[in-house]
Amino acid sequence: MLSLLYQEGPSTEGIFRRSGSAKTCKELKEKLDSGAEVDLACESIFVTASLFKDFLRNIPGSILSSQLCDKWVSVMDQGNNEEKIKSIQRLIEQLPRANVVLLRYIFGVLHGIEMRSEENQMNAFNLAICIAPSLLWPPVSSAPDVESEFTKKISSLVQFLTENCCRIFGEEITSLFGEI
């Protein structure tokens, strides 16, 4: 999925904003869940993006860890960018290794898409609005106004992560997918 998103996302206007066919997504999700072979290259990239966001939303406790939710939310309230980056790196160190590996690839994809935002209309802000709710959610549900504020803060964090991914994860994030 990520490889396809890395290849096609940067040249696709509105990637992550537009949804794939609900029926197709449901059918493919059932196939994937059953372990059946699925060739996503034959599907719309919007279906792949929708399936990927669904996959992220189904990670128990979220990829950024709901247990660290308050710490993630408070990162953007810290001083300058260097302090924010250091705080983010400390939080990343507390995540399971599998989460960190997946995050690197996710932000590698987002970085590639953002680099061609003039073409695809998906700058770091737009990407964050679309993908942040799939990366972290509070451990308990709350009132709509509180959730709205939370979503804004997480979107701001994801925007910052996307804009600074090379400094946070290392420059090699730009070559994770090799010469696809």
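Computed from a predicted structure; not experimentally measured.
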Check whether any side-chain heavy atom of K152 sits under 4.5 Å from a side-chain heavy atom of S155, and report yes or no. no
Would you indicate whether the side-chain heavy atoms of R90 and K71 approach each other to under 4.5 Å? no
Heavy-atom donor-acceptor pair, S117 side chain to E114 backbone, under 3.5 Å: yes
For the student: nearest non-hydrogen atoms of K29 and D54, plus distance: CE-OD2, 2.6 Å
Do F16 and I113 have side chains that approach each other closer than 4.5 Å (heavy atoms only, starting at C-beta)? yes
What about Y105 and L40, same hydrophobic cluster or not, with Ile/Leu/Val/Met/Phe/Trp/Tyr joined at side-chain heavy-atom distances under 4.5 Å? yes
Salt bridge flag under 4.0 Å for residues K31 and E27: no
Side chains of E119 and P10: does their closest heavy-atom pair fall under 4.5 Å? no
Would you say S87 and Q78 are linked by a side-chain donor-acceptor pair, where the criterion is simply a distance under 3.5 Å? yes
Check whether T12 reaches the backbone of I15 with its side chain - one donor and one acceptor, N or O, closer than 3.5 Å. no
Could you tell me whether a side-chain N or O of W72 sits under 3.5 Å from a main-chain N or O of L64, the two making a donor and an acceptor? yes
Answer yes or no: is there a side-chain heavy-atom contact under 4.5 Å between N81 and E163? no
Heavy-atom closest pair, residues Q121 and N126: O-ND2, 3.0 Å
Taking the side chain as every heavy atom from C-beta outward, state whether L32 and M1 have any atom pair closer than 4.5 Å. yes
State plainly whether one hydrophobic cluster holds both L56 and F150, where clusters connect Ile, Leu, Val, Met, Phe, Trp and Tyr through side-chain heavy atoms under 4.5 angstrom apart. yes
Is any side-chain heavy atom of Q7 less than 4.5 Å from a side-chain heavy atom of I45? no
Check S50 against G20 and note the closest heavy-atom contact, atom names and distance. OG-N, 2.9 Å
What closest approach, in Å, do V73 and I154 show between heavy atoms, and which atom pair accounts for it? CG2-CD1, 3.7 Å
In terms of hydrophobic clustering (I, L, V, M, F, W, Y; side-chain heavy atoms under 4.5 Å; direct or indirect links), are F125 and M76 co-clustered? no
Do L95 and L161 belong together in a cluster built from hydrophobic side chains that touch within less than 4.5 Å? yes
Is I59 close to L102 at the side-chain level, that is, under 4.5 Å between some pair of heavy atoms? yes
Could you give the distance from CZ (F46) to CZ (R17), rounded to the nearest 0.5 Å? 9.5 Å
Considering all heavy atoms of both residues, which atom of W137 and which atom of C69 are nearest to each other, and what is their separation? O-SG, 4.1 Å
To the nearest 0.5 Å, tell me how far M115 CE sits from N123 CG. 10.5 Å
Minimum-distance pair of heavy atoms, taken over all atoms of A41 and L4: N-CD1, 3.7 Å
Give the cluster check for F177 versus I106: same hydrophobic cluster or not, with ILVMFWY residues linked at side-chain heavy-atom distances below 4.5 Å. yes
Cation over ring, R104 on F169, under 6.0 Å and within 45°? no
